[in-house]
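Report on the structure given below.
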Amino acid sequence: LQYNSFEDPRCEGYLEDGRTGMSPSTLKRAFLNNLFYVQGKFKALATPNDYYMALAYAIRDRLLQRWINTAAIYTAQGSRTVAYFSAEFLMGPHLGNNLINLDIYKDVEKGIAEMGLNLGELLEQEEEPGLGNGGLGRLAACYLDSLATLEIPSLGYGIRYEFGIFDQEIEDGWQVEITDKWLRFGNPWEIARPEWAVEVKLGGHTDHYVDDHGRYRIRWVPDQQVTGIPYDTPILGCQTNTANTLRLWTAEAPESFNFNAFNSGDYLGAVYEKVVSENISKVLYPNDDSSQGKKLRLTQQYFFVSCSLQDMIRILVGQELPLEKFHEKFAVQLNDTHPAIAVAELMRLLIDMHHMSWDSAWSITQRTFAYTNHTLLPEALERWPVELFGSLLPRHLEIIYELNDRFLDEVRIKFPEDDSRLSRMSLIDESGERYVRMAHLACVGSHAINGVAALHTELLKQDVLYDFYQMYPGKFQNKTNGVTPRRFMVLSNPALTELVTSKIGDTWIKNLGELQKLEAWADNPEFQQQWRQIKQANKQELAAYIQKHNGIIVDPNSIFDILAKRFHEYKRQYLDLLHIVTLYNRIKANPDIEITPRTFIFGGKAAPGYFMAKLIIKLINSVADVINRDPDVRGRLKVVFLKNYNVKLAQRIYPAADLSEQISTAGKEASGTGNMKFALNGALTIGTLDGANVEIREEVGAENFFLFGLTAEQVYAKRASGYNPMEYYNSNAELRLALDRIASGFFSHGDTELFKPLVDSLLHHDQYFLLADYQSYIDCQEQVGLAYRDQDRWTHMSILNAARMGKFSSDRSIQDYCREIWKVEPVTITLENSEVTDS
Ligand code: Z2T
């Protein structure tokens, strides 16, 4: 045998392949090649972005063999596949995560340093794909990471929004929204697949006709058509060869449509068509936990669902499987009701396009879909006016009517003579203006329905979906949310990762339950000290960030008390503020009072149309302005609002937190996932018995969790018996003083109008029971301050919190989904695969 010495590792002068080799020298060579051949730069002219791009392309090359092998093996084996349908994927930056999952972070950091560059600065260059609002979108991203890490064949399907969640600026204390032009400098992580484009119809009417064989058929005659172009991003698992796909759809005008108009001389009309079509994937709706009911939003939902289902049929047919096996090949998870139109669309595709019988199509549809509910808030339950729905999707409306007739017959059989139940459960709300109820469609069309935390699932069964639970008790399951420890620990907190690994090895990264072994170190003085030093260093880094971006000097020895999440009244940022104003009032009344020094840090975006949420942001900034400059405070309190909270910033925040604020009104937060990320990084939680807080407290132990507030049951009881917030105002002097201080114009240059809506809403409505929970919260915060003074005790609690987070890995969540809903098994991907590499 003759070997080319450059290609044979056994020979001298061997040169690793420049696009797959992992040795430091090969990586360096690839980086410099890309700088030259891709960016067209040499070092003297290169910008930080050029360096980022050069590295990103070098890493992308290293993903490709894995990605292609994964696709080839899934295809060859016809593997059962999870399709995760989500209107949002809040991925965060890819580069750092891929370095972690490839297990080359340290090597690359070193190589980059040898070239006189700093990896952290290059990572900072990446404009994150913010294609989601908050928890729901980030959950989808964590789940893709776990699916790949667990080697589960899967596809994420969604929309490639040209503009993701807006960038938040703060002007004069107010939130200002700036368009998120994340694609401005190009996106090295995606590959367009125009050869797999699909057509989507919209609007028009239906025709009922008799076909050539004398069969009764229905045809949809649309008045608009758009093309969906898929863009694929590889999703690499941690320390495996699996690289799954995130497939996002962009809307374009179909060539033929344009062309016809062009030929008929209506050039401007043709261009206008194009603009209208492209609007579909233009921008993410920036509402978290609330639905606006806009036609464009329904169009987006239908667009990506139709593209995805057609794509799946193409895959099925490509593998020579019959359509009758759709549900055997694919398990589709509906991430809330945003993709619930899929139930009607799959029926339409099977019946109208592929001539299947109603009963066969319905059986396949129900066995394909499963539905995750993410909220109990009534304003978030999606419903579409029947007229709007029918004008966009006339055929789907017919299908839904037919489904409804059959479904209500079933209800009648199970619950005879119960008209009010029929109207409550109908897919159409007919109590006033008529609406299509998407949650009902999702429930009827799925074989499994789940909530995202134990309490949330119980409340779904007792309240929001009570009738459906009575009808189909066997469909209901709980799947408590989880988060990926790769991004939210290994990548974001390298020092803590190293300390943990030095004690218990590194297998916890893929088996988070092993963190429990840290309990043995919880009282070890040396370990405690290392633990504290790392937290301290992380706090110093965040302090430097705050100084740079806010111009505020904060004390890393103070408690970093952090509330970071979307702004919503139910999340009660305002309650945190009442605590701050209360402490401030105590200082003003008694300037020498002893208070454990605290830095209050806020981050989060408000929906642009949500007036109250935006006013709370303004109030935080106004309170910050006064407190931070008042000499009486003397370093005991600082208030910071960090603008533009996103995944990148979150990764800086969690490692630096002492105290995690999880203070929603009990019964309102479906789960929360920030709560898990904070605790994993050793923050202690102050929280209510809401969402996953309940389970976090169970895991870490009541003695390691700061609990306050009413339970969900107590909140319901109070509401039922007539809650009067004014009683709390009248009977609690400190509370009264805090509210009066805000109302008096003290924080608004004497303006008594500015914050009046906030004060009035508490005094006269207080929908979210802030005043009822105020004293309990203040007392609990007092305990936090005392606990922090005993650093050994605090560190002990902090270690135990992290050590007991095993349950909250998204790997555990995904394993539960795989076993109990999807019935899907792992498929091992090898790098040596002749079928792939030889062709
Ligand atoms: C969202 O982020 C959540 C629920 C929604 O209901 C919509 C959005 Cl955009 C329609 C959040 C929940 O508020 C939160 O409690 C939960 O942890 C998260 O979804 C993931 O399940």
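Order of listing sets the numbers, starting from 1, for every ligand and every atom in it.
The shortest contact between atom 9 (Cl) of ligand 1 and any protein heavy atom is with Asp288 OD1, 3.5 Å. Remark: minimum distance from atom 14 (C) of ligand 1 to any protein heavy atom is reached at Glu669 OE1, 3.4 Å. Protein heavy atom nearest atom 16 (C) of ligand 1, with residue, atom name and distance: Gly672 N, 3.7 Å.
Listed for the Arg138 side chain is a donor-acceptor partner under 3.5 Å among the backbone atoms of Met91. Side chain of Thr233 to main chain of Glu190: no donor-acceptor pair is present (N/O by atom type, distance under 3.5 Å, no hydrogens or angles).
Note on ring orientation: taking the six-membered ring where Trp is involved, the planes of Phe468 and Phe407 are parallel (angle under 30°, cut-offs 30° and 60°). A perpendicular orientation is assigned to the rings of Tyr84 and Tyr143, their planes being inclined by more than 60° (bins at 30° and 60°). Ring orientation note: the planes of Tyr654 and Phe488 are nearly perpendicular, at an angle over 60° on the 30°/60° scale. Tyr723 and Phe769 have parallel rings, their planes meeting at less than 30° on a 0 to 90° scale where 60° marks the start of perpendicular.
The distance from ligand 1 to the heavy atoms of Gly135 drops below 4.0 Å at these ligand atoms: 2 (O), 18 (C), 19 (O), 20 (C). Ligand-side atoms of ligand 1 in range of Thr375: 6 (O), 10 (C), range being under 4.0 angstrom from any heavy atom. Taking every non-hydrogen atom of Asp336 and a distance limit under 4.0 Å, the qualifying atoms of ligand 1 come out as 6 (O), 10 (C). Those atoms of ligand 1 with a heavy atom of Ala670 less than 4.0 angstrom away are 15 (O).
Residue Tyr570 places a heavy atom less than 4.0 Å from ligand 1. Heavy-atom separations between Gly691 and ligand 1 are all 4.0 Å or longer.
Of the charged side-chain nitrogens involved, none lies within less than 4.0 Å of a carboxylate oxygen, so that Arg383 and Glu433 do not count as a salt-bridged pair.
Considering backbone and side-chain N/O atoms, Asn133 never comes within less than 3.5 Å of an N/O atom of ligand 1. Polar contact with ligand 1: absent for Asn287 (N/O pair, distance under 3.5 Å). Remark: ligand 1 and His374 share an N or O pair separated by less than 3.5 Å (distance only, no angle test).
Using modelled atom types and a 3.5 Å distance limit, the side chains of Asn101 and Asp145 yield a donor-acceptor pair.
Closest heavy-atom approach to atom 13 (O) of ligand 1 among the candidates Val452, Thr337, Asn481, Asp289: Asp289.
Side-chain rings of Tyr777 and His579 approach one another, their centers coming within less than 6.0 Å.
Of the heavy atoms in Leu136, both backbone and side-chain atoms come closer than 4.0 Å to ligand 1.
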